[in-house]
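Reading through the structure tokens given below for one structure.
The figures here come from the full heavy-atom set of this structure, side chains too, leaving out hydrogens, waters and symmetry mates. Index from 1, following the sequence.
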Amino acid sequence: MSVFDGSPQYQTYVIIGFVGTVLSSIASMITILLINKMKITGYIKLILTMTWFQLVYDVSFFNGTVNVGNYWVSYVANVWQLVGGIGSSLISNWIAFVVLYVVYNKRSIDIVGNYEYMLASAIVPGFAVAIVYSIGSIPEGHNQHLVDIANLGLYYYIRLVSIFLNFIMFGMASYYNHRIRSKGLGKSPAEQAINTLCRRLMYYPLLQVNTVLLLLCGGGSF
């Protein structure tokens with residue numbers, strides 16, 4: 001039986017999931033290639049790291065949300081979903097914090113010197129949730145309660161809190177940036193770049209919300 005078999009509604013969901021996985025994976029890979037051609041500053045390094053986590057999430061999306069008929073394929077995909085999804089969300093929090101810090105304090109932050117700590121703060125929670133998931137999943141169906149705690153509890157609440165923090169920090173950055181511009185101080189190229197960055201970064205939490213809602217409503221492996 002093919003994974004594309006089933007009701008028309010299910011077939012539509014599977015096709016959308018497959019197309020979304022392919023397109024998003026290609027987009028993430030292109031982004032990584034383009035970033036690697038740039039001068040890698042601390043801020044760009046954070047964006048590159050977030051994109052790598054996003055790529056891990058993207059390539060595992062289909063097998064993690066659609067029952068492909070092979071338990072271990074679904075298991076590995078779900079682990080990648082946990083690590084990639086949590087990692088990209090937490091790195092996005094650091095990006096939001098850096099933007100807020102720069103706008104508020106009018107000076108840069110040493111991202112390169114603190115990068116290892118930032119990376120660890122994104123990796124450790126993802127692997128911790130993946131361990132809880134693995135304990136509940138191996139052997140197959142061993143402890144569904146732990147699987148639910150990992151997937152429907154820890155994973156989603158970490159991502160929801162991350163989204164909430166991004167809205168708060170990007171909102172505060174936009175507010176402080178607006179105050180600067182209202183005083184006629186936002187004239188230098190650096191300040192104009194911050195203006196553009198603050199406007200564009202507000203879209204990212206909205207995309208995060210859509211992703212979480214899609215997974216909650218999808219009825220896949222998660």
Side-chain angles (χ1 to χ4, degrees), residues 1-33 48-92 119 122-163 204-222:
M1 181 177 178
S2 171
V3 296
F4 295 94
D5 292 336
S7 68
Q9 294 83 357
Y10 180 74
Q11 290 180 25
T12 301
Y13 171 75
V14 171
I15 292 171
I16 291 175
F18 180 77
V19 173
T21 297
V22 172
L23 293 180
S24 60
S25 298
I26 292 174
S28 293
M29 287 187 286
I30 291 174
T31 301
I32 290 171
L33 291 174
L48 178 60
T49 303
M50 183 180 70
T51 308
W52 272 112
F53 276 119
Q54 187 64 44
L55 178 61
V56 169
Y57 179 86
D58 290 338
V59 297
S60 61
F61 183 82
F62 181 78
N63 290 328
T65 56
V66 174
N67 184 2
V68 295
N70 185 302
Y71 173 75
W72 290 108
V73 170
S74 296
Y75 165 77
V76 172
N78 284 337
V79 169
W80 284 26
Q81 288 270 282
L82 293 170
V83 174
I86 291 175
S88 63
S89 290
L90 296 181
I91 290 295
S92 75
L119 181 61
I123 290 178
V124 171
F127 274 100
V129 176
I131 289 172
V132 174
Y133 170 77
S134 298
I135 293 173
S137 297
I138 302 173
E140 182 178 355
H142 171 62
N143 191 328
Q144 186 60 41
H145 180 62
L146 281 180
V147 172
D148 291 340
I149 288 176
N151 290 338
L152 303 178
L154 296 173
Y155 175 79
Y156 284 115
Y157 281 112
I158 288 174
R159 293 205 67 176
L160 287 174
V161 170
S162 170
I163 293 168
Y204 187 72
L206 297 176
L207 294 175
Q208 286 182 300
V209 170
N210 289 333
T211 300
V212 172
L213 289 176
L214 175 63
L215 288 174
L216 284 172
C217 298
S221 298
F222 269 23

- [ ] Start with the C-alpha distance between Y71 and S137, add both sets of side-chain angles, then the distance that settles side-chain contact (heavy atoms from CB on, under 4.5 Å), and finish with yes or no.
- [x] CA-CA 10 Å; Y71 173 75; S137 297; 3.2 Å; yes

Open item on the list: One pair to check against side-chain contact (heavy atoms from CB on, under 4.5 Å): Y13 and V66. What are the steps and the verdict?
Closed with: CA-CA 9 Å; Y13 171 75; V66 174; 4.1 Å; yes

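Smallest separation of non-hydrogen atoms from S25 and L55: O-CD1, 3.7 Å. Shortest non-hydrogen contact noted between G17 and F62 is C-CD1, 3.8 Å. L90 and S162 make their closest contact through N-OG, 4.2 Å (heavy atoms, listed as atom of the first residue, atom of the second, distance). The shortest non-hydrogen separation linking Y57 to Q81 is O-NE2, 2.8 Å.
In this structure, the separation between OH on Y155 and OG on S89 is 6.5 Å, given to the nearest 0.5 Å. Interatomic distance, M29 CE to L33 CG, rounded to the nearest 0.5 Å: 8.5 Å.
Residues forming a ring pair (Phe, Tyr, Trp, His ring centres under 6.0 Å) with Y75 (at least two apart in sequence, or on another chain): W72, Y133. Legend: residues meeting side chain to side chain contact (heavy atoms under 4.5 Å, CB included) with W80, ordered by chain and number and at least two apart, are V56, V59, S60, V76. Applying the side chain to side chain donor-acceptor pair (under 3.5 Å) rule to D148 yields the partners Q144; only residues at least two apart in sequence or on another chain are considered. Partners of T49 by side chain to side chain donor-acceptor pair (under 3.5 Å), not counting sequence neighbours, listed by chain and number: Y115. Looking at residues two or more places apart in sequence or on another chain, you find a side chain to side chain donor-acceptor pair (under 3.5 Å) between S28 and D58. F127 pairs by the ring pair (Phe, Tyr, Trp, His ring centres under 6.0 Å) definition with nothing, not counting sequence neighbours.
A donor-acceptor distance shorter than 3.5 angstrom exists from the side chain of S88 to the backbone of G84, with no hydrogens or angles considered.
No more than 12 heavy-atom neighbours from other residues, nucleotides or ligands sit within 6.0 angstrom of CZ on F18.
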